2 protein chains.
Amino acid sequence: MTTKRGAKATIRDVAAAAEVSVAAVSAALNGKGSLKAETRERIQREAERLGYRPSRVAQAFREGRIGAIALVLPLMDSVDEQQRLIGLDYYMAIAAGSASAAFAAGYSLTLTPPLSSREQWRMVRADGVVLCDPVADDERLTVLDEIGVPVVTIDRDPTREPMPPYAAGDNYANMRLLLDHLDDEGARRIALLSADSSWAWTQDGDRAYAEWCAEHGHEPLRVPVPLGKGDNDALEATVELLQRAAPPDAVIASAEQYTAGVVNACRKLGRRIPDDVMVAVGVDSRSALQNDPPLTAIDLHPHQQGEAAVRLLLDRLAHDAARPDPVIVPSTLHRRASTHRG
Amino acid sequence: MTTKRGAKATIRDVAAAAEVSVAAVSAALNGKGSLKAETRERIQREAERLGYRPSRVAQAFREGRIGAIALVLPLMDSVDEQQRLIGLDYYMAIAAGSASAAFAAGYSLTLTPPLSSREQWRMVRADGVVLCDPVADDERLTVLDEIGVPVVTIDRDPTREPMPPYAAGDNYANMRLLLDHLDDEGARRIALLSADSSWAWTQDGDRAYAEWCAEHGHEPLRVPVPLGKGDNDALEATVELLQRAAPPDAVIASAEQYTAGVVNACRKLGRRIPDDVMVAVGVDSRSALQNDPPLTAIDLHPHQQGEAAVRLLLDRLAHDAARPDPVIVPSTLHRRASTHRG
DNA sequence: CTGAAAGCGCTTACAG
DNA sequence: CTGAAAGCGCTTACAG
């Protein structure tokens, strides 16, 4: 009645060893049913002796759920080594928040690497997916829909109908918050580095900027900067801006990726922050906080966004009901030295 | 014979609809067996019509494996919001590398949030665990061993016997590489910021530093700096170092976390890098690369370490055989402007 | 208080 | 070429 070496003991092995039924073993180990204390202890002893561990797959199978949620981050989509180094604080915090919310509900969080083919997506073992920063007509959402996997996005889908549930910051309001703050601090020519992308947060920010400028009679100074390709683009764009005949007296870096480029451009040209030019960032990060001087930035509370997205997803899984409302996570403006002239 | 609304179609529903056996459905959908083309097509049509998706859990159950590997990162162990912001490039790259190696082998990668109790660890649904930076007598390894989950570590376990298989950089050699490089560039008093921890990489680095100093007749200038508690500690330690009567002419920041602190300390005291003091970092990051001037750093190729660790784990899962040898991933010294006086 | 059985959804031999 | 059955390891009603 001993198990074979190497083969893992099953509930049957324990039942045989303790000379009871498998049901009794199950009850004893899960503290259910009503077993005589003596029997329960004997079963536990035998289980211990055989090194029995209930099979997690079998349990999952019985529960009818995988017990995992997949998280898809844009940064995992890059293939070359250089790019992979780019671990943005924002996404890391989303991952941490998602993981803890998932785990609190008895789910684990799965990181999904770059997937191209439909085949690969079918391999994903998860009860649902949290997808960050969908683009317009995002193919991945189409595939997931075909496969029948529920999806929640972080940042809303710009085009899809019906729009999947989502969690997001209030990107429109945040941009206006930055602009008002810079205005209060005396900035009169505020430039914006922003990506030409179909992401909702970019478009919301651009719209807020355009409207704010129109309302305040300011000339818009928006410079498109590609995202992702390293940070030279942001540096060059900022250098170009600052060397214009009428340079800006404040620069907003809308993306975390631009942070170093903007700062280095100022340093390169000998422009002091904030005296010659104020700098503010649309997404807070360690770089912003640790910069000398520390940079004013919007904290999008990505940890909370991750938590919120996972909870939305779990609701969908549980109730299979009506599409829930989006969750807008309030953001915080951290006023730091980069936008305040002593 | 139609499925209930809401309830997902099972293989039985498809079999009934197509008027064949479940075995035929399985064969048709997996392209196995020898079905008449006409039958196969009819089955596929019905499956399509019913929106049938094979249950991933059931498949997993049959395969006898969960199909997931858990990754445990030290940074996920912090609870307060402030700490969570700390997404180190090093760990992010490990996660990306692990995920792609896992996925290539048909496994997914699960992120495990901070777990304290044995109970919580039992909830982890994974066929194996990759644990980063084990400390001496790491409780987590003890628990995982009890639960019977195979483990591979990144960076070796400092004390455990038998030592779990691991992937790591050559931390001893790397420290000497940095020291030799600084020596070549003319540094004569090289200080080291290093943590008082039981981590193997810290201890290896400290040992290399002590031996190198002894061999070269240099006075050791090692300053212990706590890890994790934000970056003020590194800044203060560096300020203190640079204000000594005999200040160092080079500083090695052994951890990625020290990067900003060291740079800001130099800036605060008006010491120019590299002219007044050279700076080198033991772990490469975006901060090091984007600093002005860019900082010389050791690239530990964390992406490859992640891949290697996952492959070690998969080997163990597959063969259940002898303990494999550790994998030492070669590191690269990136010589940058911070250690070269024009 | 305990046992025997059914069943979760799939795939893989094995019969016909 | 196709069907009926066994079985992966567990838990949950249901009998005794």
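Given the structure is predicted, the values throughout are model-derived calculations rather than measurements. Just so it is clear: chains get the letters A, B, ... in the order the sequence lines come, proteins before strands, and each one is counted from 1.
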(Q) Assuming nearest nucleotide by heavy-atom distance, tell me which of A:V25 and B:E19 is located more 5' along DNA chain D. (A) B:E19
Q: Give a yes/no on whether any side-chain N or O of B:T39 is located under 4.0 angstrom from OP1 or OP2 of D:dC1.
A: no
(Q) Please enumerate all residues that pass salt bridge (Lys or Arg N to Asp or Glu O under 4.0 Å) together with A:R156, with sequence neighbours excluded. (A) A:D204
Q: Applying salt bridge (charged side-chain N to carboxylate O under 4.0 Å, His left out), run through A:R42 and A:E38 and close with a yes or a no.
A: CA-CA 6 Å; A:R42 177 158 43 89; A:E38 192 268 327; 3.7 Å; yes
Q: Could you check whether A:V20 gets within reach of a base, just the sugar-phosphate, or nothing at all, counting any heavy atom under 4.0 Å?
A: sugar-phosphate
Q | D:dG9 phosphate, OP1 or OP2, under 4.0 Å from A:S55 side-chain N/O | A | no
Q.
Strictly by Watson-Crick or wobble contacts shorter than 3.5 Å, is anything paired with D:dC1, and which nucleotide is it?
A. C:dG16
(Q) Does A:R56 qualify as a cation-pi partner of A:F61, given the criterion of NZ or CZ under 6.0 Å from the six-membered ring centre and within 45 degrees of its axis? (A) no
Q: Establish, with yes or no, whether the OP1 or OP2 oxygen of D:dG9 is under 4.0 angstrom from a side-chain nitrogen or oxygen of A:R53.
A: no
(Q) Does a side-chain N or O of B:R62 approach OP1 or OP2 of D:dG9 to a distance below 4.0 Å, or not? (A) no
Q. What is the distance, rounded to the nearest whole Å, between atom CD of A:E63 and atom P of D:dT11?
A. 9 Å
Q: Please report, rounded to the nearest Å, how far the P atom of D:dG9 is from the CD1 atom of B:I66.
A: 13 Å
Q) Any Lys/Arg nitrogen of A:R45 or A:E48 sitting under 4.0 Å from an Asp/Glu carboxylate oxygen of the other? A) no
(Q) Please determine whether a side-chain nitrogen or oxygen atom of A:Q59 lies at a distance below 4.0 Å from atom OP1 or OP2 of D:dT11. (A) yes
